[in-house]
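First up is the structure itself, then whatever we jot down about it.
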Amino acid sequence: MRLLVGGRVLSGGEVREGYALLFTDRVLACIPEPLTEGIDAERIRLDGEYVLPGFVDVHVHGAQGTDIMDASDEAVDALSLAMARGGTTAFAPASVTAPMPEIEAAVEAVRRGIARPLPGAVLLGLHLEGPWIEPSMKGAHPEPFILPVPDADWVADRADALRTVTFSPILDPKHGFLRRLCGLGIVPSLGHTTADFETARAAIEAGARSITHLFNAQTGLHHRRPGMVGAAAVTGVMCEFIADGQHVRSELFEPLCRLIGTDRLILVTDSIRAGGLPDGEYAFAGGRVRVVKGLPVQPDGTIAGSSLTMNQAVRNFWRATGRPLAEVAGMASRNPARLLGLKRKGSLDPGYDADIVCLDNDLDVVMTFVGGRRVV
């Protein structure tokens, strides 16, 4: 057993001072520190750090020099460690539109990664972003490899390695593909689409459970044409959100909490291999992007993912809104775990996996535990 003492523990929906966290591979208890005397456990002493549930990133392409499209065991290992360094303890790496053999190679790398121990964060399965998207909303996805007809049989053959599929509902007007995803236990997520308010709402009512990077590569909010964002506002759909202050201005973070609700917002990084690294030039989506002031852009100025880490996303949202840290941290742990149906992740309540991140006052990562094992 291990005992984290001297920190501020997020337990029972609030950050508690003077409490210790007792755990093995699962959380055992959050105990007032005076009551821990005599407990036979390895004591790990903190200096006032926050003790939070490990983050769950459901949309990340790469970080610290690696990308899931590298499709090797070495890349998966490196990405697993990079995730843990940013406080992420479980992740669903995202593919990018590419020739199908390259996507299949990424699926195979993920399948192997699910089946073996990793050095850092747990691999949950692939987030298939594309190729069934609209060219006019492609963002950084290479247009030559975009496909117009979703292939449910292709997905079904790889369902064991897939967690989420982002697609445009315009390409699935009768919702047959969407319903097949639901039947396979895969999260249907709407994105890279020109879908209007009615089309988006109909897809959500048919079973779509998520919107990919809200506001980006989709129709925005207009008072007579509410678009995808309007559909998010009037339904119960979960919404990914990139909190770098550049994909969406930070002044809108607080109004967004009131429009959507913090119980439906999911912080994601959407980071590429530049995640956690300095500005410069990096490979992404079959080309090169330049990261300027933390924002990756293609030569034509198109935004190409981010260089965020999850602890930075939490810090940005926390500072921009002034909301309680427990509430913001839930957007990076509890909410994504709920979206993916992860019954033992996203909380430090007893019985949950001991996926823990310890952060200092600036929300920089001090330690990360995955299943009770210290990996950072």
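Position 1 is the first residue of the sequence, and the numbers go up from there. When reading the values below, keep in mind they use all heavy atoms of this one structure, side chains included, and skip hydrogens, waters and symmetry mates.
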How many angstroms lie between [atom1] in [X] and [atom2] in [Y], if you round to the nearest 0.5 Å?
X	Y	atom1	atom2	result
Arg2	Arg374	CZ	CZ	5.5 Å
Asp160	Ile114	CG	CD1	7.0 Å
Ile266	Leu214	CD1	CG	11.0 Å
Leu171	Phe177	CG	CZ	9.5 Å
Asp364	Glu49	CG	CD	11.0 Å
Leu342	Ser333	CG	OG	11.5 Å

Is a side-chain donor or acceptor of [X] paired with a backbone partner of [Y] at a separation under 3.5 angstrom?
X	Y	result
His175	Ala206	no
Arg163	Leu124	yes
Asn335	Leu265	yes
Asp279	Lys293	yes
Arg338	Asp263	yes
Glu240	His213	yes
Ser95	Glu129	yes
Thr269	Thr309	no
Ser80	Gly120	yes
Asp244	His247	yes

Residue that, paired with His59, satisfies side chain to side chain contact (heavy atoms under 4.5 Å, CB included) out of Ile242, Val268, Leu267: Val268
Test side chain to side chain contact (heavy atoms under 4.5 Å, CB included), reference Ile356, set Leu4, Thr89, Val9, output is Leu4
Any link between [X] and [Y] through a network of hydrophobic side chains (Ile, Leu, Val, Met, Phe, Trp, Tyr) touching at under 4.5 Å?
X	Y	value
Met367	Val357	no
Leu123	Ile186	yes
Phe253	Ile211	yes
Met69	Trp132	yes
Val51	Ile44	yes

Are the side chains of [Y] and [X] in contact, using a 4.5 Å heavy-atom criterion?
X	Y	result
His192	Ile170	no
Leu308	Asp270	no
Thr219	Phe197	no
Thr164	Val58	no
Asp47	Asp360	no
Val229	Gln218	yes
Thr321	Glu327	no
Arg323	Glu254	yes

Go through the steps for Arg112 and Val76 under the test side-chain contact (heavy atoms from CB on, under 4.5 Å), then give the verdict. CA-CA 9 Å; Arg112 294 192 302 271; Val76 169; over 6 Å; no
Measure up the Phe369 and Phe23 rings against each other and bin them: parallel (under 30°), tilted (30 to 60°), perpendicular (over 60°). perpendicular
For Asn311 and Arg85, test the side chains for any donor-to-acceptor distance below 3.5 angstrom and give the result as yes or no. no
Tell me yes or no: between the side chains of Asp70 and Ser72, is some donor less than 3.5 Å from an acceptor? no
Give a yes or no on this: more than 12 heavy atoms of other residues, nucleotides or ligands lie within 6.0 Å of atom CG of Asp40. no
Would you say CG of Asp362 has more than 12 non-hydrogen atoms from neighbouring residues, nucleotides or ligands within 6.0 angstrom? yes
Closest heavy-atom contact between [X] and [Y]?
X	Y	value
Arg264	Gly236	CD-O, 3.3 Å
Asn361	Trp318	O-CZ3, 4.2 Å
Met331	Pro336	O-CD, 3.5 Å
Val96	Pro142	CG2-CD, 4.5 Å
Val366	Leu359	CG2-C, 4.3 Å
Pro34	Gly18	CD-O, 4.4 Å

Are [X] and [Y] ion-paired here, with the side-chain N under 4.0 Å from a carboxylate O?
X	Y	answer
Asp77	Arg116	yes
Arg180	Asp153	yes
Glu108	Arg111	yes

Go through the steps to decide whether Asp172 and Arg179 satisfy the test salt bridge (Lys or Arg N to Asp or Glu O under 4.0 Å), and finish with yes or no. CA-CA 10 Å; Asp172 183 39; Arg179 293 192 177 100; over 6 Å; no
Should Leu126 and Arg158 be marked as a side-chain contact (heavy atoms from CB on, under 4.5 Å) after you check the CA-CA gap, both sets of side-chain angles, and the distance that decides it? CA-CA 10 Å; Leu126 187 71; Arg158 296 156 182 84; over 6 Å; no
Are Gln64 and Leu81 close enough, and set up right, to give a side-chain contact (heavy atoms from CB on, under 4.5 Å), and what steps lead you there? CA-CA 9 Å; Gln64 296 186 359; Leu81 273 175; over 6 Å; no
With side-chain contact (heavy atoms from CB on, under 4.5 Å) as the criterion, how do Trp154 and Leu147 come out once you've worked through the C-alpha distance, each side chain's angles and the decisive distance to 0.1 Å? CA-CA 13 Å; Trp154 187 94; Leu147 300 178; over 6 Å; no
